[in-house]
Protein chains: 2
Amino acid sequence: MNRRKGRHAGSEVRKSEIIHAALEHFSASGVSQTSMADIRSRSRASTGSIYHHFKSKENLAAEVFLEGIRVYQKGILRLLGEETGAREGIHAVVAFHLKWVQEHTTWARYLFQHRYASFMASTEEEITRLNRDFLQHVSAWFERQRRQGSFRDLPLDISVSLILGPCMEYTRQYLSGQAITGVDQAIAEISDALWHSLCEDPVSVTGHRALSHGGDR
Amino acid sequence: MNRRKGRHAGSEVRKSEIIHAALEHFSASGVSQTSMADIRSRSRASTGSIYHHFKSKENLAAEVFLEGIRVYQKGILRLLGEETGAREGIHAVVAFHLKWVQEHTTWARYLFQHRYASFMASTEEEITRLNRDFLQHVSAWFERQRRQGSFRDLPLDISVSLILGPCMEYTRQYLSGQAITGVDQAIAEISDALWHSLCEDPVSVTGHRALSHGGDR
DNA sequence: ACTTGACTAGAATATGATTCTAAAATAAAA
DNA sequence: TTTTATTTTAGAATCATATTCTAGTCAAGT
């Protein structure tokens with residue numbers, strides 16, 4: 001009955017080739033500095049082929065974004081599902097994020113340096129959907145932790161800002177080569193600091209702080 | 001002697017008109033979605049005139065960015081020059097940033113939603129210079145505070161991430177209409193949290209925390 | 001008044017995104 | 001296998017828009 005599904009074998013492959021060719025250029029030079037000709041020559045696909053798979057350059061950019069953000073979010077959500085304690089949870093999230101950036105530099109450059117780019121917001125409601133679902137899971141985790149008295153009772157948007165903000169800012173510095181502190185130390189420092197800014201009563205829970213850091217800078 | 005400055009009267013005015021026309025569009029729709037024709041018609045300047053004052057669209061975008069960031073940075077630096085205590089300093093910076101965003105929404109949309117955009121990094125070394133100078137002042141302030149024992153001894157890039165990150169992340173939410181918490185409360189929450197993540201020994205310095213927040217969210 | 005260089009105007013050009021037409025490849029039907 | 005329908009690819013044609021070019025206008029100094 002589903003005779004309408006006459007998918008060709010190599011089609012997905014070709015689409016993926018285009019996405020990855022685009023990623024390379026977008027990540028290295030940004031979307032606006034990348035021409036369709038660049039993508040065409042790197043992917044060895046024709047104009048027609050590209051426009052068959054993607055509605056426009058903007059749409060291609062969005063699909064590349066989606067492909068990356070899906071992988072990233074899946075990783076974070078797996079962590080939160082593991083139901084560790086609050087402090088471990090925070091550390092795990094920070095570590096995951098920074099290591100992911102370190103190991104997927106090309107993706108990270110595109111995803112996070114262009115995070116606020118305009119083409120995302122307007123078009124592509126799937127991005128909105130992904131973000132909403134993601135936020136929902138994250139806030140559920142938070143609520144659970146808060147009920148156990150691990151976190152203080154902060155508004156969700158503030159909590160998100162406090163956690164995500166430092167990670168993103170360090171990421172930005174790291175990607176632009178301006179970070180002095182290495183990733184491992186950054187994970188330790190940031191998660192430690194976050195814990196103290198989020199938890200109900202930092203000192204009584206753990207007597208020590210500043211687990212490690214050399215005398216740099 | 002300065003005969004080379006055969007400035008025409010209205011020239012600066014015209015240039016400024018172009019910048020502000022561009023700002024409106026850039027802020028509302030982003031640089032790539034704005035055409036030179038848009039800017040031309042809003043500023044009532046001709047193509048030739050625009051290209052006389054600015055090398056290219058990219059350069060125009062950079063100059064708009066510069067104009068905004070200068071004002072913003074000047075405000076922050078004034079605060080840091082006032083040599084208040086560490087905690088007051090943090091609060092003042094957070095408050096300044098968020099109120100500035102609230103009062104200069106148009107500028108903020110452009111400056112901060114496009115902060116990581118590519119055209120800034122590559123071209124326009126004046127932006128680099130501004131940022132370097134700014135960072136230098138900020139780090140000097142930090143070093144002074146740290147010597148007085150107010151802050152713990154964190155690497156500069158980490159400190160910057162911890163402070164700037166939450167402000168920027170909240171800003172992003174605020175500008176995209178996703179913030180739940182109001183600006184005043186956000187200032188209180190964020191600066192309180194920052195203090196606990198940065199200071200040497202939060203509890204002994206001030207016994208209380210969470211100065212204010214309603215039971216929202 | 002005249003010369004000079006900054007400034008403005010708008011047409012011409014160039015670059016690059018998108019559309020269009022047709023053909024090749026593939027899968028399903030006969 | 002041959003036929004038919006559908007998807008996918010190709011590349012030329014088109015269209016949108018950023019930039020350049022040529023010719024002027026204007027303000028100030030001589």
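Numbered from 1 within each chain, the chains take letters A, B, ... in sequence-line order. Keep in mind that the numbers below use all heavy atoms, side chains included, and drop hydrogens, waters and symmetry copies.
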Within the structure, does a side-chain N or O atom of [X] lie under 4.0 Å from either OP1 or OP2 of [N]?
X        : N      : answer
Ser11(B) : dC7(C) : yes
Ser49(A) : dT9(D) : yes
Arg14(B) : dA9(C) : yes
His53(B) : dT8(C) : yes

For atom [atom1] of [X] and atom [atom2] of [N], their distance in whole Å:
X        : N       : atom1 : atom2 : answer
Arg40(A) : dA17(C) : CZ    : P     : 9 Å
Glu17(B) : dT8(C)  : CD    : P     : 9 Å
Asp38(A) : dA17(C) : CG    : C1'   : 13 Å
Lys57(A) : dT19(C) : NZ    : C1'   : 17 Å
Ile50(B) : dA6(C)  : CD1   : P     : 20 Å
His52(B) : dG10(C) : NE2   : P     : 17 Å
Gln33(A) : dA17(C) : CD    : C1'   : 15 Å
Met36(B) : dG10(C) : CE    : P     : 16 Å

Which nucleotide, [options], lies nearest any side-chain atom of [X]?
X        : options                  : value
His8(A)  : dA10(D), dT19(C), dT8(D) : dT8(D)
Ser35(B) : dA18(D), dT9(D), dC7(C)  : dA18(D)
Ser46(B) : dT19(C), dT8(C), dT9(D)  : dT8(C)
Ser56(B) : dA9(C), dT19(C), dT19(D) : dT19(D)
Thr47(B) : dA6(C), dG10(C), dT18(C) : dG10(C)

Check: Nearest 0.5 Å, what's the CG-CD distance between Leu66(B) and Gln73(B)?
Finding: 9.5 Å
Notebook entry, point to check: Do you know the tightest heavy-atom contact between Glu169(A) and Gly165(B)?
Noted result: CB-CA, 3.9 Å
Check: What are the two closest heavy atoms between Ser161(A) and Gln173(B), and how far apart are they?
Finding: OG-NE2, 3.6 Å
Check: Is there a side-chain contact between His137(A) and Leu80(A), using heavy atoms and a 4.5 Å cut-off?
Finding: no
Next item on the list: Return the orientation label for the Trp100(A) and Phe112(A) ring planes: parallel under 30°, perpendicular over 60°, tilted otherwise.
Entry: perpendicular
